[in-house]
Every structure is written in structure tokens, then in C-alpha cells.
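Atoms within each ligand, like the ligands themselves, are counted from 1 in listed order. For the numbers below, each heavy atom of this structure counts, side chains included, while hydrogens, waters and symmetry mates do not.
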Amino acid sequence: MSDALVVFLYALLTAIATGLGAIPFLFARTISERFVAYSGAIAAGLMLGASFGLVAEGTAYGSAQTVAGGLLGVVFILVTQGVLGERDSQDLVFEAARGEGARRMLLMVIVMTVHSFAEGVAVGVSFGGGVTLGAVITIAIAIHNIPEGVAISAVLRPQGVSVTRCAGWSVFSSLPQPLMAVPAFLFVETFRTALPYGLGFAAGAMVFMVLGELLPEAYDHGERAQVATLAAASAVAMVLFQQWL
Ligand SMILES: [Zn+2]
């Protein structure tokens, strides 16, 4: 098997792992206001925690580039929000939802898919340092993808999207990982230079999505103290989880 194919298959595993994040939603039977609020708070916390990890990884390659990437990530969300908001949001349809719910789900899938590009590059670049290093980074990203699948499902499931389709969209959001890992592995030096920008971009986009979309929505539907506690606990859990990896 060629080396590039090995890298592709490893990175494909990370994408499939994301789908596991839908599993906890098999056990949530009702979709109440509180379910919407607390799912959103958990999604927000997991994304914040993941962003800390991305920034830490990015600064190892270059601090200024990571910050510049972060600003680009914020601009990206502002532009995407502008494009989605230009059409009357009532007309927007995604899965079973219309209007505001559809807009938020679409934004979530876009943000999480875009953030996977940088992680795919990280997988490819790490394989440039040898198969052992590549395998370790792949496993770390695969496991980190599972709570991200939880985050995506936590936004989609309250809108009535089935658990199977939540898993499908979770896997979809990670498909850039196998797609980017191969070119990053083949042209490792070029991609290594771009990596801190990409990691910063992913973190900036995710933090902005959390603060501008997920938390305001969660506060609208749930108790202030409970939303804040759940979001903070999820963020800390995600950071500890990444440390442990
Ligand atoms: Zn991630």
C-alpha cells in the first residue's frame, strides 16, 4: 500500500469516529426547551475547550500566525452569517427545520466542517514526521472528534433531526480530514507553514460561533446559572480530555 493511501485511511478513521458523538442522543427521548438549552450549553463548552487545544497547537508553530488566523476565522463567520442572513431567514430550509433553527444548524455544520480542514493538515504534517507520530496524532484527533460529534448532534437533534442523520452530519463535518491529510503529507513543508494560520482560523471561528450563536440561544431557553455551569464544565472537561491525550 502506498504511504499516501495509509495516511488517507488513518484520516478516514478520524472522520468516522465523529459519528459516534450522536450515540448519547439515542437515550434522550423528549426534546423540551431545557433539552435545547442544555444541549447548546454542552456544545458551546466542548467547542470552547477544543479551541483552547487548537490555539495551543497553533502557537507551537507560530504565535502571530495563529492570532492572524483567529481574526480571519471571525471575519469568515461574519461573512457567512451575512450571506445566510441576506436571504430572508424564513425561506431557509435545512433538514426538517425552517428559518432561524435552519440557519443555526447550517452555520454549525459549516463552522465544524471548516475547522476540520486545519486538523486534516495537522494529521498529514504529523505523518511527515514518521508513521508512529502520525498514528499518535490520528488517534488523538479521532478521540477529540467524538465530543465534537456530540456538539453537532446537540445543535441538530433539538431541531428534530434523527440520530442517524446527526451521525451522518457529524461524519460529514470531518471529511476534510482525510481529504486534507494526503496533500499535507505529500507537500509537508508548504503545509507546515500554513498550519498555524489554519489552526488559529479554526479556533477563531469556533469561539465566535459559541459566543454569538450557541450561548445566546442557550440563555434564551434555560436558566442562566445552569447554562453557564454546564458550558464551563464541558469546556474544562474537553481541555482535561485533550491534556490526557
Ligand atoms: Zn476539532
Inset, instruction - Kindly report the NE2-the Zn ion (ligand 1)-NE2 angle for H115 and H144 respectively, rounded to 10°. - result: 180°
Inset, instruction - Looking only at non-hydrogen atoms, find the nearest pair between I137 and V123 and report the distance. - result: CG2-CA, 4.4 Å
Inset, instruction - With the Zn ion (ligand 1) as the reference point, give the N/O/S atom of E148 that is nearest. - result: OE2
Inset, instruction - Report the name of the N/O/S atom of E119 located nearest to the Zn ion (ligand 1). - result: OE2
Legend entry - Side chain S116, main chain S173, donor-acceptor under 3.5 Å: yes
Inset, instruction - Assess R224 against Y219: is NZ or CZ under 6.0 Å from the centre of the six-membered ring, and within 45 degrees of the ring's axis? - result: yes
Inset, instruction - Verify the ring-centre separation between Y10 and F127: is it less than 6.0 angstrom? - result: yes
